[in-house]
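Just so you know, these numbers come straight off a predicted model, no measurement behind them. In what follows, chains carry the letters A, B, and so on, assigned in the order in which the sequence lines appear, proteins first and then strands, with residues in each chain numbered from 1.
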Amino acid sequence: MSLDLSSTSNDFTGKATAPVRARIAPSPTGDPHVGTAYIGLLNYVFAQQRGGAFVLRIEDTDRTRFVSTSEQMIFDSLRWVGLQWNEGPDVGGPYGPYRQSERTEIYREYCQILLDNGSAYRAFETAEELDAERKAQMAAKQAPKYAGPSRNYTPEQAAEALAAGKPYTIRLKVPDGDKGPGIASTTFTDELRGEITFDHNNVDDQVLLKSDGFPTYHLANVVDDHLMRITDVIRAEEWISSTPKHVLLYRAFGWELPRFWHMPLLRNIDKSKISKRKNPVSLIYYRQAGFLPQAMLNFLGLMGGGMAQPTEQEIVSQGLDTKLADLFSLADMFERFDFKRISLGGPVFDLVKLKWLNGEYLRRLSADELFAALRTTVLSDDYLRSIVPLVQTRMETLGQFGDLTGFFFADDVMPPMDVFLPKKRTLEETMEFAVNMLAALEACDWTVEAMDAALRGLLEAAGWSVKEAFMLLRAVLTGRTASPPLLESLEVFGKARSIDRLRRFIEAQKKIAALAGRNK
RNA sequence: GGCGUUAUGGUGUAACUGGUUAACACGUCGCCCUCUCAAGGCGAAGAGUCCGGGUUCGAGCCCCGGUAACGCUACCA
């Protein structure tokens, strides 16, 4: 792949006049995340409002977390909520490839520039050495920070280590924090917060190129954003702390900075960053559980504000229904969403309001449309067809189909204690096992074989019988002691919803236990 | 621990460049409708704007100092 390196410093005509280009850059490490949809929506709206382009880039540089089925799920889920990208791996575009694993040559070449101009250096410390150093620093109550000898190697020393074939990473050489104004700190502008400054003493020498030859997020992201002419980086707040590293990189390359917009982080009910431990975060889940994409989109649009509410005057003078202020479409967002109005407190992703919204949209459907929606989701031919073989030998009349398969169509089942609690187990033991089961299944491929292996491994380690373990899981999934084959049912019901059901069971039991504790 | 960000009812948001009893939606509760449950209609409770100072005739909005929550602190993104 050939690069025109000569044009890198002044081909960027300036952000004031450059056409707006925004992007979403998910990593294919698992199920598509609501946070990705949220940031994606914001980028999409931003670009659309300014007549710009919206780019989808796949950041698959972490080979250890890579999940092969993830990328397609991301495409499908993002399209499902209604996002459309102008450029991306699946639709092409003038600045491709849009998959970072296909751009490794590019990163290596740009890394060489950094090496040549002294902005980066080769670091020969092993992962074990770094680990030990970090632990020592933590034990000594110091901020863990890279301080390996490689940073100060003479050219001869570096050449020697290189010649000896020692594996290395390439690190960013952050200017020394004590060397006076101008290089002691980095200041950048966050479009929503104003200027933010980081002292270089608090900015670590970030690894740019890993020893496996793949770039880290920081390098790949900056190089790609520049090469893809991204003008506005709209991303989650968690990236604020690493923005100085990115700014340093832009400067080292002599590139113009994009604008940075850091969006508030979606939160669990307890205000922590939204996570699958405490909330369904997979878009697959919401689709399978029967949320409408326009409701999801509307709900995400509500997070963090941005949509101007009608003023009291408008409500009175135009006789507006105030409830309608919360209901809006993508087109409405293009028209009225104002990025400067975004409120910076992390919004709680509240399922209750999402459900209300979804209900509003459901009620606005005609009976035919509702029927059609049902037939493409919870009552689709595919779904029904996959359920049928599980109950064929168990039916005497077709009318019994509903009795045998009800749990497949229920939003929630909650087994009473006499159903889920094994006779020889205490409640504590049982709940501990359930928690372990949840973890095992979360980490498991969703096939009968994989689940069987995971479950059997778990129950052996815990000293549970196959019968006890499967009966507990059956109770949680179906609410009963008799059911179609368990693992096959799990497979058909889907990972996202099965996991959610298990999680809800555990949460509910915790609440009950807490309540009982309080009444004692 | 260090650094950074944020802070309005239980939740999401309003409140023009400081100006009367802090508004809307969700949720909760009550009433009406009704064979039930929803939906729908009507109504109520719920914050004095994280805390403490300051400026001002007047502060949720400005200033100073705290506190708390969250994020980052990886050869993950």
Side-chain angles (χ1 to χ4, degrees), chain A residues 25-30 33 35-36 59-66 100 123 125-128 130-131 134 137-146 167-171 185 190 192-194 196-204 206-221 235-245 262 264-274 299-315 320-327 341-357 359-360 362-363:
Chain A
S27 288
T29 54
H33 199 278
T36 305
E59 309 221 328
D60 54 350
T61 57
D62 184 354
R63 72 208 191 293
T64 61
R65 290 204 304 156
F66 180 73
Q100 291 186 329
E125 290 75 20
T126 64
E128 292 74 41
L130 293 172
D131 218 40
R134 193 177 308 117
Q137 288 171 331
M138 303 259 275
K141 298 225 170 193
Q142 289 176 319
K145 197 181 173 196
Y146 171 80
Y168 62 89
T169 60
I170 294 179
R171 284 179 181 266
S185 65
D190 177 286
L192 299 178
R193 289 160 246 259
I196 299 177
T197 298
F198 283 84
D199 191 301
H200 286 168
N201 286 320
N202 299 315
V203 183
D204 211 359
Q206 183 58 233
V207 170
L208 302 175
L209 205 67
K210 303 180 240 183
S211 52
D212 65 359
F214 276 82
T216 57
Y217 168 89
H218 308 279
L219 200 236
N221 194 264
R235 66 194 350 175
E237 192 182 359
E238 56 188 333
W239 292 107
I240 291 178
S241 325
S242 39
T243 303
K245 294 170 184 173
H262 291 100
L265 231 32
L266 263 24
R267 308 292 180 93
N268 298 312
I269 318 89
D270 64 2
K271 299 275 187 181
S272 56
K273 169 175 151 181
I274 194 167
F299 180 64
L300 291 175
L302 239 23
M303 300 282 89
M307 281 297 270
Q309 285 196 345
T311 63
E312 283 179 68
Q313 276 187 332
E314 285 170 331
I315 292 169
L320 294 177
D321 181 344
T322 49
K323 185 163 78 178
L324 262 31
D326 274 352
L327 297 183
R341 287 186 66 95
I342 285 178
S343 76
L344 269 8
V348 171
F349 190 91
D350 182 6
L351 273 319
V352 176
K353 184 130 184 182
L354 206 210
K355 276 190 189 164
W356 167 77
L357 258 178
E360 286 292 319
L362 247 23
R363 268 167 243 132

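Nucleotide C62(B) has G54(B) as its partner under the Watson-Crick or G-U criteria, with both atom distances under 3.5 Å. A 3.5 Å limit on both hydrogen-bonding distances identifies U6(B) as the Watson-Crick or G-U partner of A68(B). In this entry A74(B) has no Watson-Crick or G-U wobble partner, no candidate having both defining distances under 3.5 Å. The base-pairing partner of A14(B), taking Watson-Crick or G-U wobble contacts with both distances under 3.5 Å, does not exist among the strands shown. Of the nucleotides present, G41(B) is the one that pairs with C31(B) by Watson-Crick or G-U wobble criteria, both distances under 3.5 Å. Under the Watson-Crick and G-U wobble criteria, each requiring two contacts below 3.5 Å, nucleotide G48(B) is left unpaired. The partner of A22(B) cannot be assigned: no Watson-Crick or G-U wobble pair with both contacts below 3.5 Å exists in any strand.
Comparing the P positions of A47(B) and A39(B) gives a spacing of 26 Å, expressed to the nearest Å. One C1' atom belongs to C26(B), the other to C35(B), and the distance between them is 30 Å to the nearest Å. For the P atoms, the distance linking A22(B) with A59(B) amounts to 13 Å, nearest Å. Using atom C1' as the reference point in both G48(B) and A23(B), the two lie 14 Å apart (nearest Å). The separation of C33(B) from C16(B), taken at their P atoms, amounts to 43 Å, rounded to a whole angstrom. One P atom belongs to G1(B), the other to G54(B), and the distance between them is 31 Å to the nearest Å. For the C1' atoms, the distance from G71(B) to C63(B) is 27 Å, rounded to whole Å. One P atom belongs to G66(B), the other to G4(B), and the distance between them is 13 Å to the nearest Å.
Of the listed nucleotides (U13(B), G4(B), U11(B)), U11(B) has the atom at the smallest distance from the side chain of Lys271(A). Ranking C75(B), U5(B), A77(B) by closeness to the Ser27(A) side chain, first place goes to A77(B). The nucleotide whose nearest atom lies closest to any side-chain atom of Glu59(A) is, among G4(B), G71(B), A77(B), A77(B). Of the candidates G12(B), G40(B), A14(B), the closest approach to any side-chain atom of Glu360(A) belongs to G40(B). Of the candidates C75(B), C72(B), G27(B), the closest approach to any side-chain atom of Ser241(A) belongs to C72(B). Distance from the side chain of Ile240(A) is smallest for U5(B) among the nucleotides U5(B), G40(B), A77(B). Relative to the side chain of Thr61(A), the nucleotides A39(B), C26(B), A77(B) differ in distance, and A77(B) lies closest. In the set U13(B), C75(B), G27(B), the nucleotide with an atom closest to the side chain of Trp356(A) is G27(B). Among U5(B), G12(B), C76(B), the nucleotide with an atom closest to any side-chain atom of Ile196(A) is U5(B).
Judged by closest nucleotide on RNA chain B, Ile342(A) is the one of Pro26(A) and Ile342(A) placed further toward the 5' end.
Using a 4.5 Å heavy-atom cutoff, the side chains of Phe198(A) and Ile240(A) are in contact.
Among the protein residues, Leu130(A) comes within range of the nucleic acid bases, having at least one heavy atom under 4.0 Å from a base atom. Within 4.0 Å of Glu128(A), counting heavy atoms only, lies no atom of the nucleic acid at all. Using a 4.0 Å heavy-atom distance criterion, Ser343(A) is classed as a sugar-phosphate-only contact. Using a 4.0 Å heavy-atom distance criterion, Thr126(A) is classed as a base contact. Met307(A) comes within 4.0 angstrom of no nucleic acid atom, judged by non-hydrogen atoms across all strands. Looking at heavy-atom distances under 4.0 Å, Phe214(A) makes no contact with the nucleic acid at all.
The side chain of Arg267(A) contributes no N or O atom lying less than 4.0 Å from OP1 or OP2 of C70(B). Note on Lys273(A): a side-chain N or O is less than 4.0 Å away from OP1 or OP2 of C72(B). For Lys353(A), no side-chain nitrogen or oxygen approaches OP1 or OP2 of C24(B) to under 4.0 Å. In terms of phosphate contacts, Lys210(A) brings a side-chain nitrogen or oxygen within less than 4.0 Å of OP1 or OP2 of C76(B). At least one side-chain nitrogen or oxygen of Arg341(A) sits closer than 4.0 Å to the OP1 or OP2 atom of A15(B).
Contact annotation: side chain of Thr216(A) to base of C75(B), donor-acceptor pair absent below 3.5 Å.
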